[in-house]
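Down below is the structure, laid out as structure tokens.
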Amino acid sequence: MIDQIKDLKKEIESTEITDEDSLETFRLTYLSRKGKVQSMFGQMGKVPKENRAVVGKAMNEVKQLAESRFQDAKDTLNRREDQIFSATDDITLPVAPAYTGSLHPLTKTLNEMKQIFFRLGFDVADGPEIEDDFHNFTALNFPPDHPARDMQDTFFIYKSDDDSSEDLVMRTHTSPVQIRLMKDTPPPIRSVIPGRVFRNEAVTAKSYFQFNQMEGLFVDKKVTMGELIETLVMFAKMMYGTDVKYRVRPSFFPFTEPSIEMDVWWGSEFDGQWLEILGAGMVDPNVFESVGLDPEQYTGYAFGMGVDRIAMLRYGIDDIRTLYENDIRFLNQFSA
Ligand code: DAH
């Protein structure tokens, strides 16, 4: 009997009471009329007379223990509630507004773009914002003094008078990272490369001296133009919905042959018009040669997307400059 009482005592001591439910369970298990304490007293009849005094004392101690544990736990829980509301609190008062900040629309757009390409099996790479002439131009099949270099109004960090191969530039596009990837990694390569680029251009609602691109490069054996277009169309549908209105046009870039551009229809609320969102094409054999890959063995496609344009279309932003002014009234519209 004494052992049973000791066990019950241990049980009561080790029961955890953390909330109203466990408090009620405790009360039912130990303190109710059919509870364990009461049924313990019920067994008193079996105890030989000479032991009753000792056993009775032990039983009373267990009963007191159960009662005091119950009362202590109840007090603690009540106190916790008092801390949440006291009678003098007005819980209908509006709380002070908390400004939590938000992701920049460019970051949001870029995250979505990356997610889409993760699903298509691409990984993410990056490269430096200051480039040498080789990576930004020459390896991409822009010959020295070729007029195609004028397509990209360049900010020079260093410009040599007689040897352009020594020039250092703020990269004018993310395409130089294609060259770095192909030099470093044997095919297959399937990467997207987001990053900031710089152009010495007149600032208008549609163009800025810095903006963001996301380059894509897929190099393997037997990559086709059909796969390129399929990928771009899938991207447009995942970004803007399956009813997106798009068109693909032939174009020219020195580093792709053939080359294309893709436009997306810019909703009529902003005087409907086509907005170019990317350039793309099949990697030019000269580019493969500049990185030491055999163009007879490998084929590939590349694309360069304008992240700012894509964000503007996504959120109905009609002036690229708002993306860089960090006006809090503009940025707050993207918190959610
Ligand atoms: N680099 C080009 C630009 O900045 C965009 C581009 C066009 C990237 C075609 C590509 C490509 O990878 O294949 O205008």
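Both counts, for ligands and for their atoms, begin at 1 and track the order of listing.
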Within reach of ligand 1, part of Arg199 (heavy-atom separation under 4.0 Å):
side chain

Numbered in order shown, the ligand 1 atoms found under 4.0 Å of a heavy atom of Gln178 are 12 (O)

Validate the cation-pi geometry between Lys159 and Phe156: distance from NZ or CZ to the six-membered ring centre under 6.0 Å, angle to the ring axis within 45°.
yes

Below 30° counts as parallel, above 60° as perpendicular, anything between as tilted: where do the rings of Phe137 and His173 land?
tilted

In ligand 1, which numbered atoms sit nearer than 4.0 Å to a non-hydrogen atom of Gln213?
3 (C), 4 (O)

Please name the pair of heavy atoms, one in Asp318 and one in Ala205, separated by the smallest distance, quoted to 0.1 Å.
O-CB, 4.0 Å

Which is it for Ser175 and ligand 1 at heavy atoms under 4.0 Å: side chain, backbone, both or neither?
side chain

Looking at Glu16, I want to see if its CD is surrounded by more than 12 non-hydrogen atoms of other residues, nucleotides or ligands under 6.0 Å.
no

Among Met282, Glu215, Met214, which residue places a heavy atom closest to atom 12 (O) of ligand 1?
Glu215

Sequence neighbours excluded, every pair satisfying side-chain hydrogen bond (donor to acceptor under 3.5 Å, both in side chains) that has a member inside residues 205-215:
Thr174-Gln213, Thr174-Glu215, Ser175-Glu215, Gln178-Glu215, Arg196-Gln210, Thr204-Ser207, Asn212-Tyr324

Between Phe303 and ligand 1, which part of the residue brings a heavy atom under 4.0 Å of the ligand: side chain, backbone, both or neither?
backbone

Check for me whether Tyr301 has a heavy atom closer than 4.0 Å to any atom of ligand 1.
no

Provide the closest heavy-atom pair for Thr224 versus Tyr301 in the form atom of the first, atom of the second, distance.
O-CD2, 4.1 Å

Per-atom contacts, ligand 1 versus Thr256 - under 4.0 Å to a heavy atom:
13 (O)

Give the single entry among Glu257, Met305, His173, Glu261 that approaches atom 1 (N) of ligand 1 most closely by any heavy atom.
His173

Tell me whether Gly279 has any N or O atom under 3.5 angstrom from an N or O of ligand 1.
no

Within ligand 1, which atoms have a heavy atom of Gly281 less than 4.0 Å away?
13 (O)

Pairs where residues 125-139 contributes a residue and the test salt bridge (Lys or Arg N to Asp or Glu O under 4.0 Å) is met, not counting sequence neighbours:
Glu131-Arg180, Asp133-Arg149

Among Thr256, Leu293, Asn141, exactly one meets side-chain contact (heavy atoms from CB on, under 4.5 Å) together with Val287. Which residue is that?
Asn141

